[in-house]
Number of protein chains: 2
Amino acid sequence: MANRSDTKTRILDAAEKLFAERGFSETSLRLITSKAEVNLASVNYHFGSKKELIRAVLARYLDRFMPEASNAVVQLKQGSEPSLNEIFSSLVKPLLELNKFKADGTRTFLQLLGRGYIESQGHLRWFITTHYGEHLSEFVKAVAESAPHIPPAEMFWRLHFTLGTVVFTMASADALTEIAEADFNEHNDIEAVIRKVIPYLAAGVAVPVTTQ
Amino acid sequence: MANRSDTKTRILDAAEKLFAERGFSETSLRLITSKAEVNLASVNYHFGSKKELIRAVLARYLDRFMPEASNAVVQLKQGSEPSLNEIFSSLVKPLLELNKFKADGTRTFLQLLGRGYIESQGHLRWFITTHYGEHLSEFVKAVAESAPHIPPAEMFWRLHFTLGTVVFTMASADALTEIAEADFNEHNDIEAVIRKVIPYLAAGVAVPVTTQ
DNA sequence: CTCTGATTTAAACGTGCGTTTAAATTAAAC
DNA sequence: GTTTAATTTAAACGCACGTTTAAATCAGAG
């Protein structure tokens with residue numbers, strides 16, 4: 001095949017789709033390169049290793065999402081005392097912006113995030129907090145200020161419960177929207193699902209701590 | 001090694017521990033059989049394949065947990081109108097009973113469940129609903145009756161949000177408890193995490209539907 | 001055109017995997 | 001004690017994987 005300067009992009013595009021659908025360890029470089037229509041060895045040539053390819057796939061989304069998200073939160077706080085619902089809702093636009101970067105980008109990003117958290121044995125968590133720590137803490141700070149009655153340790157857990165809800169829901173969103181349509185004649189796109197989950201999350205995060 | 005009629009049990013015990021810790025596809029039969037101190041081929045002899053071993057591991061827990069759980073819900077409804085918190089809490093005892101069956105059985109079961117839902121591409125969901133459907137629907141019915149202001153379609157989504165929270169949290173429970181200990185000097189066993197998540201889930205499931 | 005460095009290519013490498021085989025060993029029945 | 005079936009064992013099988021190699025091809029500069 002003739003020279004093609006977009007080999008790296010073709011690999012990233014094929015890899016992110018397959019990683020999101022099947023997970024990282026279940027996706028072989030041979031499958032990626034065949035879908036991308038590039039040579040098997042080009043992954044190691046351009047990225048060094050499979051591990052570094054995974055990081056590159058994640059970084060391409062995080063570099064777009066994280067600054068926009070923290071920016072949205074900061075801007076929201078310019079006004080007066082945003083509610084939890086408003087803080088979560090401020091992430092909707094940055095999330096949906098990813099659909100302009102790539103078709104189905106929002107879902108792909110959230111699925112990659114979930115896969116990464118579960119498969120990488122804590123490595124992704126370290127990667128995100130070290131590379132996007134300032135952006136993250138803007139969000140965490142806003143949430144904490146908006147629910148001052150929740151102690152920090154409890155908030156840590158609730159934010160991870162929240163992450164789990166989002167990530168799992170988005171990973172199975174296809175199947176769920178199908179069932180919802182069949183059983184309740186209710187059609188939901190990805191944005192509709194996001195708007196359904198926000199009140200659920202906000203209620204859980206803010207519920208008073210019981211010392212039963 | 002001399003004859004040992006407990007080879008099957010030794011395999012199941014070693015497999016469930018490794019599956020819970022590292023996931024199914026990341027755990028090789030060679031690792032399982034070496035930890036179990038049995039011959040590699042004995043897995044295929046006793047279980048047929050790795051896939052059937054996975055099912056046997058899950059079934060051993062589900063067979064214990066599911067009847068006890070649905071029983072607890074049914075008994076709770078004998079009294080008057082249980083709250084959502086009470087319904088979720090009624091699952092705690094059946095969950096902790098698993099610790100009597102095996103050391104750290106509760107954590108192992110929940111992690112297996114999480115791993116299974118994420119790794120098996122919907123296969124576990126099918127397995128559970130077809131094999132334990134009656135037990136499941138007892139729980140779903142109780143929750144729906146306890147939050148009659150939530151329309152069925154909305155409840156469908158919220159129960160899946162709930163499943164996501166539980167599954168994701170339990171799959172990463174080890175990592176999270178480690179961080180919580182490091183960052184907040186707060187030690188949590190699996191029961192503590194369960195008791196933390198219940199109010200979060202109950203609040204989210206019951207929050208009034210907004211038509212913003 | 002020629003040279004040079006970057007990229008692509010086909011092939012192979014070594015490794016680890018789930019599974020299968022056939023012989024050896026064990027336990028139980030007679 | 002002999003026979004029979006169940007189980008254990010060591011070895012090998014075929015396959016898919018990530019990675020490496022070395023030659024072929026390409027694009028740009030002089």
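Residue numbers begin at 1 in each chain, while the letters A, B, ... track the order of the sequences. Treat the numbers as computed from the prediction; the structure is a model and nothing was measured.
Put simply, CD1 on A:I11 is 11 Å from C1' on C:dT7, counting in whole angstrom units. In this structure, A:K8 places its NZ atom 14 Å from P of C:dA6, rounding to the nearest Å. One interatomic measurement links the two molecules: CD1 of A:I54 to C1' of D:dG18, which rounds to 12 Å at whole-angstrom precision. If you take CZ of A:F19 and C1' of D:dG18, they are 12 Å apart, rounded to a whole angstrom.
Taking the six-membered ring for Trp and thresholds of 30 and 60 degrees, A:F156 and B:F184 have ring planes inclined between 30 and 60 degrees apart. Classification of the B:H123-B:F127 ring pair by plane angle, with boundaries at 30° and 60°, yields parallel.
For A:E178, the CD atom sits in a loose shell: 12 or fewer heavy atoms of surrounding residues, nucleotides or ligands are nearer than 6.0 Å.
Every residue two or more places apart in sequence or in another chain that forms a side-chain hydrogen bond (donor to acceptor under 3.5 Å, both in side chains) with A:Y200 is listed here: B:T162. Contacts of A:E119 classified as side-chain hydrogen bond (donor to acceptor under 3.5 Å, both in side chains), with partners at least two apart in sequence or in another chain: none.
Not one side-chain nitrogen or oxygen of B:H46 sits closer than 4.0 Å to the OP1 or OP2 atom of D:dA6. When the side-chain nitrogen and oxygen atoms of B:T7 are compared with OP1 and OP2 of D:dT7, none of them lie within a distance under 4.0 Å.
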Quick one: which protein N/O atoms are closer than 3.5 Å to N/O atoms of nucleotides 17-23 of chain C? Pair and distance per line, please.
residue	atom	partner	partner atom	Å
C:dC17	OP1	B:S28	OG	3.2
C:dG18	OP1	B:L29	N	3.4
C:dG18	OP1	B:K50	NZ	2.9
C:dG18	OP2	B:L29	N	2.8
C:dG18	N7	B:R30	NH1	2.7
C:dG18	O6	B:R30	NH2	2.8
C:dT19	OP2	B:N44	OD1	3.3
C:dT19	OP2	B:K50	N	2.9

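Annotation: cation-pi pair B:R125/B:Y117 absent, no NZ/CZ under 6.0 Å from the ring centroid and within 45° of its normal.
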